[in-house]
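In what follows, a structure is listed as structure tokens, so that the remarks can point back to it.
In the text below, chain A, chain B and the rest are named by the order of the sequence lines, each starting its count at 1.
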Amino acid sequence: MNGPQPLTVTGLTVRFAGLTALDGVGFTVAPGTVHALIGPNGAGKSTCFNVLSGVYRATSGSVRLGGRELTRETPHAIASLGVARTFQNLALSAHSTVADTLLLGRHRLTRSGILASGLRLPRAAREAGRHTERMREIAAFLGLEPYLDAPAGLLPYGVQKLVELGRALCMEPDVLLLDEPIAGMNPTERQHTAALIASVRDSLGLSVLLVEHDMGVVMRLADTVTVLDFGRKIAEGTPGEVQNDPEVVRAYLGEHQETETPR
Amino acid sequence: MSERLTSRLGWLLGGVVLLAMPFYLERFWLQAGVFAMAAAIGAIGLNLLTGSAGQLSLAHAFFLAVGAYGYCVFAGDSGSATGLTGWGLPPVLAAVLAVALAGAVGGLFSPIAGRVRGPYLGIATLALIFIGQHVLLNAHDLTGGFNGRAVPPLSVFGFAFDDSATVVAGVPFRSMEKLWYLGLALLAAGALFARGVLRGRPGRAINAIRDHQTAAGVIGIPVARTRGAIFVLSSMYAGLAGVLLALAFQHAVPGYFGIVLSLEYLAMIVIGGLGTVSGAVIGAAFVTLIPQVLTKYSESLPLVSAPGTGGVAPGEASRYLYGAAVVAAVLFLPGGLARLPVPRWARKGARDKAPAPTSRNMEVST
Amino acid sequence: SGKADDSDGGSGGEGGDGVATDIGVTDDTITLGALTDMTGPYATLGASVTQAQQLWVKQTNEAGGICDRRIELEVRDHAYDAEQAVSAYTELTPRVLAFPQFIGSPYVVAVKDRVDGQDHVLITPQAWSASLLGSEYIHMVGPTYDIETVNAVSYLAEEYGLSEGDSIGHVFFEGDYGENALEGSRYAAGELGLTVEEQRIRPTDEDMTAQVTALAREGVSAIVVSAGPRQAASVAGVAAASGLEVPIIGNNSAFAPQILETDAAPALLASYHVASPGLPIGADEGAVPDLAEAYTAEYPDALLDNGVVAGYNSISLVGRAIETACEAGDLTRQGVADAMATLTAEDDGFGAVHDFSDPANPSTLASYILRPDESAPGGLVVEREAAASDLAQSFPRE
Amino acid sequence: MTAAVLRVRGLCVDYGPVRALTGVDVEVPDGAVTAVLGANGAGKSTLLRAVSGTLRFHGGAVTEGSVALGEDRLHGVAPARIVAAGVVQVPEGRQVFARMTVADNLRAGALGARGGRAAVRAALKRVHELFPVLAERAHQRAGLLSGGEQQMLAMGRALMAGPRLLLLDEPSLGLSPLMTTRIARTVREINAQGTSVLLVEQNAALALKLASTACVLENGRVALAGDADELAASDEVRRRYLGVADEDAATETGAAVAAGTARPALSRWSA
Amino acid sequence: MTAFLEYLVHGLSLGAVYALIALGFVIIFKSTEVVNFAHASLLLAGGYIAVRAQESVGFWAALLAGVAGAATLGALLEWAVIRRYRGADHSVLAIVTIGIDIVLLTELARRIGPDILTYDDPWGDALVTVGSVTVPQTRVAAFVTAALLIGLFLAAFRWTSWGVAMRAAAENRETAALMGIRLGRVSSSAWAVAGALAAVAALFLSVFPTSGLDRATGEVALAAFPAAIIGGLDSTTGALVGGLTVGVTEALTTGYAAELDFLGNGFGHIAPYVVMVLVLLARPAGLFGTRELSRV
Ligand SMILES: Nc1ncnc2c1ncn2[C@@H]1O[C@H](COP(=O)(O)OP(=O)(O)OP(=O)(O)O)[C@@H](O)[C@H]1O
Ligand SMILES: Nc1ncnc2c1ncn2[C@@H]1O[C@H](COP(=O)(O)OP(=O)(O)OP(=O)(O)O)[C@@H](O)[C@H]1O
Ligand SMILES: [Mg+2]
Ligand SMILES: [Mg+2]
């Protein structure tokens with residue numbers, strides 16, 4: 001852990017049978033900033049996340065974190081470099097408690113294996129104690145304390161989204177990849193969550209790569225925005241620049257956002 | 001009285017009763033008890049794999065065989081009196097090596113166990129049973145073929161677990177009395193170990209892999225390695241169970257380690273309750289003891305008739321019973337027998353979490 | 001504790017009549033044990049043997065018992081499961097004088113050390129594998145599979161003029177029945193200058209087409225079947241259908257009357273033989289007709305098959321050992337085992353004469369050759385009287 | 001007021017010991033769009049499950065109250081019969097059949113269709129017009145579609161049945177602004193063609209624009225109900241669900257968080 | 001060479017019977033995601049009912065009765081057990097079918113006892129000779145029947161609403177219900193079909209060259225496990241290919257047992273499993289099975 005490093009994506013291409021999901025995409029996430037990745041449905045945003053986190057293999061191109069090439073690494077190796085992510089569709093165990101789910105995030109930071117846990121070595125107990133404490137800190141920060149003993153799968157959608165965020169934070173990441181973190185929340189909850197994201201960026205100094213369709217939140221949070229369409233980068237810049245880019249308006253935002261007149 | 005105190009007392013009482021058994025029970029019951037303890041150890045291992053990691057395995061009988069025969073070979077006479085291979089190692093070392101061997105063989109199968117999931121793995125492991133039977137019948141030098149080979153008695157620092165009588169408090173202690181204590185000790189150790197694993201970091205990791213394989217990788221869990229490790233651990237439990245069973249049998253026969261045995265272990269963990277240590281123990285006791293009890297008391301049970309008199313034979317009755325128990329446990333007691341409303345202290349599983357797995361091992365999505 | 005004074009159960013000492021006793025004998029009863037398979041793969045055999053033995057017990061008690069004591073037979077069904085077989089043995093051993101029935105040779109082998117070392121209990125198993133030889137307490141009634149197969153091959157050679165250079169096929173079960181029989185056919189073939197084409201099968205293999213085709217390809221002039229009745233029927237049926245007209249001979253276990261009702265019946269009647277330690281249940285000699293009649297009267301719905309003779313024979317020989325022991329005033333287990341060894345020329349009434357004095361050899365080396373006959377009860381009639389072939393007598397035993 | 005297609009009266013729903021809905025009354029007037037708003041966990045999805053008869057898949061059950069479609073009772077009726085009666089739901093979280101192709105997903109949607117073959121063919125044409133991507137990807141496995149594409153498929157699949165009453169659970173979840181507008185237009189169109197709609201939506205602004213009547217659920221009870229316009233004008237709704245008045249408050253909170261006053265900011269972990 | 005052809009033909013015809021059993025498996029798996037360990041007893045039940053019925057009605061009517069009986073039994077099991085399971089873990093259901101199998105098999109074995117039950121089938125031990133190769137008529141009948149039935153179900157799965165409903169129900173019961181699919185009907189129809197197929201297989205397993213139906217006949221159904229896996233558990237084509245593969249492998253390894261002796265005596269018995277493991281190593285979902293998807 002020698003401070004956040006830039007995440008650089010260059011010429012990233014991903015092909016599935018007969019379909020190019022990403023086509024030579026490149027951008028850089030500067031340390032300590034929020035970088036938004038937007039674009040129409042099916043533009044390749046989640047695919048990009050999947051490559052960054054090692055779930056998909058890139059057909060060509062490179063992803064570098066500082067000096068480290070990530071495209072050949074396994075998911076858990078990438079996680080161990082300090083890259084954490086949330087999932088567009090929830091990936092929580094239905095019956096695990098929230099506490100266990102959050103502790104899962106600390107897997108990469110802890111050591112006790114089968115032998116140590118099975119034999120309950122003092123080392124394992126000490127480790128568990130320290131990490132549970134930090135887990136509670138993070139839960140308190142997110143307002144998840146009341147839910148710690150509840151099974152994650154039965155919670156309301158919005159809370160589950162927060163649990164996912166908490167699990168990613170528990171990994172103590174340098175780079176946080178958030179795939180639609182506030183989808184399914186109402187405006188109040190959205191603002192609350194957006195504030196939390198801004199807060200961790202500031203207090204932990206980590207880099208955030210954010211996929212989100214709520215333009216209000218993107219505008220407020222993002223330092224830089226990259227826009228994808230059909231796997232290709234069509235625009236990049238500050239939120240203000242991007243929002244007025246005619247190409248972006250055509251492909252993504254729609255000509256006039258207020259097409260519907262109130263009745 | 002506080003609940004904690006009640007619970008302590010309950011455990012104490014149960015422990016004392018178990019420890020006193022060899023002074024009162026005849027060999028038949030002790031032997032049944034040792035079988036049940038061995039089965040419980042094996043079932044705990046299978047429950048780690050199937051209940052917690054969500055991997056169906058039909059190969060458990062195979063790993064039991066590896067443990068049992070491994071022990072025979074390692075501890076067997078090195079002389080050629082029997083015409084069988086034996087390394088003549090000290091029995092304790094042989095037992096440890098046999099468990100390790102089961103783990104190693106499990107490790108060899110890990111590439112498949114890691115690649116193949118769900119029902120495919122279940123049936124793929126069936127291959128191990130059949131290949132295992134083939135080897136057991138053909139590798140005469142190691143296994144003694146169809147009629148099997150004798151199991152050298154265990155001895156710890158010159159104290160032999162054989163049929164020579166050591167008199168304790170006026171009671172002659174022969175092999176079963178001694179094995180009873182050995183079984184208790186191994187079962188307790190195995191159960192505590194498994195609970196430690198399940199509640200700790202590895203337990204969380206295997207649950208995560210079961211529910212969301214891809215996500216687990218992204219969270220930083222090495223999926224293949226963890227799954228392989230749990231397969232190895234489960235094989236080692238089976239190996240240990242195999243050693244204990246062999247010691248109780250005093251003779252290992254290949255026919256025992258067939259598909260039926262594997263199916264019985266699956267039945268145990270479902271009857272007892274998937275994913276919990278106590279469930280495995282309760283299920284193992286149920287499945288092992290039912291046929292013994294029914295056979296022994298066949299004359300005095302109303303529905304069961306003595307062999308040769310027509311009607312339902314005890315063997316059949318016990319199969320009806322345990323087949324029906326599997327179905328009933330799943331339909332009416334989703335947590336298995338371990339979740340029955342019994343006093344808290346008697347319910348070891350009350351605090352082991354890891355409830356029955358429910359999500360399918362498939363993720364798809366957006 | 002209740003266990004303290006107890007040396008493995010039973011009532012040691014001397015009966016009121018001055019006969020020494022230890023386990024399984026009281027002043028008025030003698031308890032025998034039967035470890036059988038009534039619900040597993042050998043259920044057919046188990047049912048016949050058990051019922052025949054229960055019949056013997058009934059007859060014996062009606063005739064006043066043995067040594068002025070009633071006989072009781074405790075039956076335990078182990079379903080051919082190792083755990084249950086060993087448990088049942090453990091349960092009954094502290095209470096019985098002898099085991100006139102024990103099905104499942106692996107389990108007999110499994111308890112052999114306990115029998116020889118501490119239990120000293122007489123067992124007449126219903127399995128005829130040579131691996132059970134060598135114990136002074138375990139006595140097979142009849143020839144071992146290897147001897148039976150030697151007799152069968154010798155018969156084929158004599159009757160069908162097999163000569164040096166010919167080959168015979170041997171279809172056998174994996175496991176000790178088949179493999180022990182294979183040793184017999186290999187030995188006989190070696191002595192006669194024949195070659196053996198081996199086809200190993202499993203009890204679950206029921207279609208013998210591939211095996212018979214392979215044997216036909218090798219041009220065998222006869223086939224030996226050391227498997228179950230169904231496999232024998234399939235071998236005969238397929239061979240006949242595909243034009244392989246060679247004699248087929250099976251071990252005693254490779255026949256059941258039911259197979260004469262299958263499609264293979266004509267083929268079986270034409271070319272099949274069975275080597276058997278005793279007379280068929282349908283025979284008109286010795287004690288057989290009485291047994292057949294009594295058995296049918298007792299169990300009108302039951303099948304008459306060779307298990308009936310085997311079961312009845314074992315228990316009546318054990319009964320004779322007990323009688324002998326009683327006369328010698330020693331009804332202890334050791335006494336009964338010793339008495340068994342004194343039976344050296346025992347005509348069992350079913351066509352065989354047994355000698356139990358040598359633990360290293362089976363009680364007889366002779367086999368009948370039988371052939372299927374639909375009209376006979378039990379489906380078999382004698383083709384050739386009992387004889388021990390020269391090869392059987394020279395069969396080496398280490 | 002026109003007759004209601006759907007009438008929910010005094011509905012109580014329990015998930016085992018957990019009570020999710022208490023005495024809920026909701027009506028969907030014939031030919032109207034009714035919106036249901038509420039925070040996370042308010043019970044919106046539970047309401048739709050109760051109408052579709054799928055509570056039992058979640059271990060839940062209706063304990064009191066009634067659900068009626070026109071004159072017919074719906075509670076206690078098998079889900080398939082409810083679909084046959086014309087009530088079709090687009091469930092929360094897409095729930096496409098991941099291993100089936102897009103085309104087969106649409107065929108599955110038509111299984112409960114009321115019309116004949118011709119109607120199904122027409123419906124398919126219509127769906128392909130609305131969501132061209134579904135025609136392009138007809139032979140791709142649905143599980144490999146992107147999130148938004150799956151949402152379109154879920155919507156298209158429901159339309160295949162030619163519903164009389166459409167239940168939508170957060171149809172705009174994960175859709176781009178452009179696509180959200182298109183969904184809104186679609187809802188309006190099918191509504192114009194005579195399908196009534198019960199719409200659960202986090203995007204309250206959109207929902208209130210589409211709906212003629214609306215209600216707000218809070219902790220399993222109906223807190224507010226009435227005309228959509230009226231609700232849209234109410235302070236309560238504006239503040240809590242439209243986020244309008246809250247804009248400033250949110251920036252304040254954000255600043256407060258950054259300054260570490262209002263709530264404890266997270267500090268870096270040092271091992 | 002003739003011998004080889006003969007083994008091959010024999011293997012194919014035996015494989016056709018395996019394919020019928022495997023097809024039943026596959027249909028149950030496709031529609032309910034359950035690995036049905038009770039298939040062996042379903043098969044035995046079908047055969048038993050048919051043979052018993054034959055005593056009073058003729059062969060064809062009895063066969064029909066067996067098929068209907070096994071179908072009813074299958075549907076009944078689905079209704080009484082499978083449908084009532086509330087969890088979502090399909091491996092638990094697989095274990096439940098083990099329980100069902102134990103009960104059914106015990107009951108059937110008790111009823112059948114030591115008997116060998118035979119069919120009065122129209123084929124007897126007649127043979128068909130083509131060139132240098134002879135095959136029993138029964139096996140030709142089995143092959144034709146299997147090919148027809150498998151073709152039929154392939155089409156049904158692909159083209160009928162029944163097939164779509166079945167796949168949808170297997171994947172997500174709740175959503176399938178939301179599509180108006182009658183879950184109960186769909187899955188019990190699958191179990192019924194599997195039962196019917198098993199009864200047909202039972203017939204071909206107990207006529208010439210086999211000597212009849214007995215309590216152990218069901219164990220042959222075990223051969224269908226590797227068959228179903230080799231083909232891919234959710235593929236009807238796979239069932240056919242897998243069945244034939246197992247049949248041919250068995251026939252060839254048995255026929256050339258002498259030449260394969262170095263692999264241990266009786267290698268033929270495990271050869272299908274060895275093939276299965278090799279196939280799984282190369283294709284974890286079998287030759288025609290649907291690969292598991294993984295997207296997040
Ligand atoms: N494993 C895969 N196999 C085949 N096609 C895929 C796969 N993963 C993604 N795709 C396709 O690649 C395209 C990009 O998908 P992706 O999930 O990256 O979109 P997205 O930008 O995240 O969209 P959304 O905003 O709707 O989530 C889509 O058309 C999708 O169908
Ligand atoms: N299967 C279940 N078991 C127990 N409680 C449940 C279950 N499903 C939902 N609940 C509870 O019922 C309440 C209502 O949930 P519901 O899903 O209906 O909310 P919602 O309004 O749809 O929320 P969201 O906006 O997050 O989708 C919540 O408190 C939730 O925790
Ligand atoms: Mg996406
Ligand atoms: Mg909801």
> Any salt bridge between E:Asp234 and E:Lys30, counting N to O under 4.0 Å?
Replying inline: no
> Taking 4.0 angstrom as the limit, do D:Lys44 and D:Glu201 come out as a salt bridge?
Replying inline: no
>> Under a 4.5 Å cutoff for heavy-atom pairs, which residue among D:Ala78, D:Ala80, D:Ser52 has the most contacts with chain E?
In response: D:Ala80
> Going by an N to O cut-off under 4.0 Å, is there a salt bridge joining E:Glu171 and D:Arg141?
Replying inline: no
> If you count heavy-atom pairs under 4.5 Å with chain E, which of D:Pro79, D:Gly109, D:Gly53 comes out on top?
Replying inline: D:Pro79
>> Any carboxylate oxygen within less than 4.0 angstrom of a Lys/Arg side-chain nitrogen, looking at E:Glu33 and E:Arg173?
In response: no
>> Please classify the contact of D:Val87 with chain E as side chain, backbone, both or neither, using a heavy-atom distance under 4.5 Å.
In response: neither
>> Under 4.5 Å from any heavy atom of chain E, what part of D:Ala161 do you find: side chain, backbone, both or neither?
In response: neither
